[in-house]
Amino acid sequence: MRPVWQDYFMQIAELAATRSQCHSRQVGAVIVQGLHVIATGYNGVPSGIEPCAGCLRKTCAAGNGYAVCPAVHAEANAIAQAAKLGVSTYKAHIYTTYVPCKDCAGLLINAGIRTLVIRSEPNAPAFLPGNLAHKLINESGLGVIKI
């Protein structure tokens, strides 16, 4: 059966996540302009850098340890790919398999992304009220769709 567009783009984000070599979590993102994919990204070390042998954050408390992690997040990598190719993300939509962190939320806002589409499943994380990413997104007017 042919998937509806939102499911199709989320499936592409899920496929992108499979490229991640992260030992902690695989995350994928796809940026869409109209009905066209303009960039994809997944979390991992920058291009040309050796993948981690193990997760350096495992010894840190939940939500901490980002300073020791060399990975770039999926959303940031998708925005960087579009920038590298000279493709505008203004008024685009991003589909991601995980809720963005505060830094990625800021990048989405400043890149002109219009809508954030995230998975809404029983085991999928949610924005926590009071969370800085949640606050930035709410105040910016960035649309959020849960599918």
Side-chain angles (χ1 to χ4, degrees), residues 3 5-128 130-137 140 142-147:
W5 286 110
Q6 282 190 332
D7 292 341
Y8 173 73
F9 294 130
M10 187 57 75
Q11 288 172 13
I12 294 172
E14 291 167 353
L15 184 61
T18 66
R19 293 282 306 150
S20 172
Q21 293 180 315
C22 182
H23 298 278
S24 176
R25 167 180 307 121
Q26 293 182 314
V27 180
V30 60
I31 301 175
V32 176
Q33 192 72 267
L35 295 177
H36 302 281
V37 172
I38 61 171
T40 61
Y42 54 89
N43 61 319
V45 296
S47 298
I49 307 297
E50 283 294 315
C52 303
C55 184
L56 302 172
R57 290 185 55 221
K58 292 249 185 215
T59 60
C60 301
N64 294 317
Y66 292 107
V68 299
C69 178
V72 178
H73 291 180
E75 304 92 333
N77 275 325
I79 291 168
Q81 182 186 60
K84 188 188 318 186
L85 299 173
V87 178
S88 174
T89 57
Y90 185 64
K91 294 189 177 182
H93 309 282
I94 189 166
Y95 291 74
T96 182
T97 62
Y98 205 79
V99 295
C101 68
K102 183 267 307 175
D103 292 337
C104 287
L107 286 172
L108 298 177
I109 294 162
N110 285 347
I113 302 288
R114 178 188 295 181
T115 310
L116 165 66
V117 184
I118 55 175
R119 274 196 300 217
S120 181
E121 296 177 1
N123 296 331
F127 285 112
L128 301 174
N131 173 298
L132 189 50
H134 183 260
K135 182 180 183 316
L136 293 173
I137 288 170
S140 72
L142 175 67
V144 178
I145 297 172
K146 297 176 186 174
I147 61 171

Holding to side chain to side chain donor-acceptor pair (under 3.5 Å), I want the full list of residues that pass it with [X], two or more places apart in sequence or in another chain.
| X | value |
| --- | --- |
| Thr40 | none |
| Arg114 | none |
| Thr115 | His93 |

Which residue in the set Leu107, Asn131, Leu136 passes side-chain contact (heavy atoms from CB on, under 4.5 Å) when paired with Lys102?
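Among the candidates, only Leu136 passes.
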Is [X] reaching over with its side chain to a backbone N or O of [Y], donor-acceptor style, under 3.5 angstrom?
| X | Y | answer |
| --- | --- | --- |
| Ser20 | Ala17 | no |
| Gln33 | Tyr90 | yes |
| His73 | Pro100 | no |
| Asn77 | Val72 | yes |

Which pair of heavy atoms, one from [X] and one from [Y], lies closest together, and at what distance?
| X | Y | result |
| --- | --- | --- |
| Ile79 | Ile31 | N-CD1, 3.8 Å |
| Ala76 | Cys104 | N-SG, 4.2 Å |
| Ile137 | Leu116 | CD1-CD2, 4.0 Å |
| Pro46 | Pro70 | CD-O, 3.4 Å |

*Do Tyr95 and Ile12 come within less than 4.5 Å of each other through their side chains, counting heavy atoms only?*
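Contact flag for Tyr95/Ile12 side chains = no.
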Give, for atom [atom1] of [X] and atom [atom2] of [Y], the distance between the pair rounded to the nearest 0.5 Å.
| X | Y | atom1 | atom2 | answer |
| --- | --- | --- | --- | --- |
| Leu15 | Met10 | CG | CE | 13.0 Å |
| Cys101 | Glu75 | SG | CD | 6.5 Å |
| Thr96 | Glu14 | OG1 | CD | 10.5 Å |
| Ile94 | Thr89 | CD1 | OG1 | 9.0 Å |

Taking the inter-plane angle between the rings of Trp5 and Phe9 on a 0 to 90° scale, is it parallel (under 30°), tilted (30 to 60°) or perpendicular (over 60°)?
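Parallel, since the angle between the ring planes stays under 30°.
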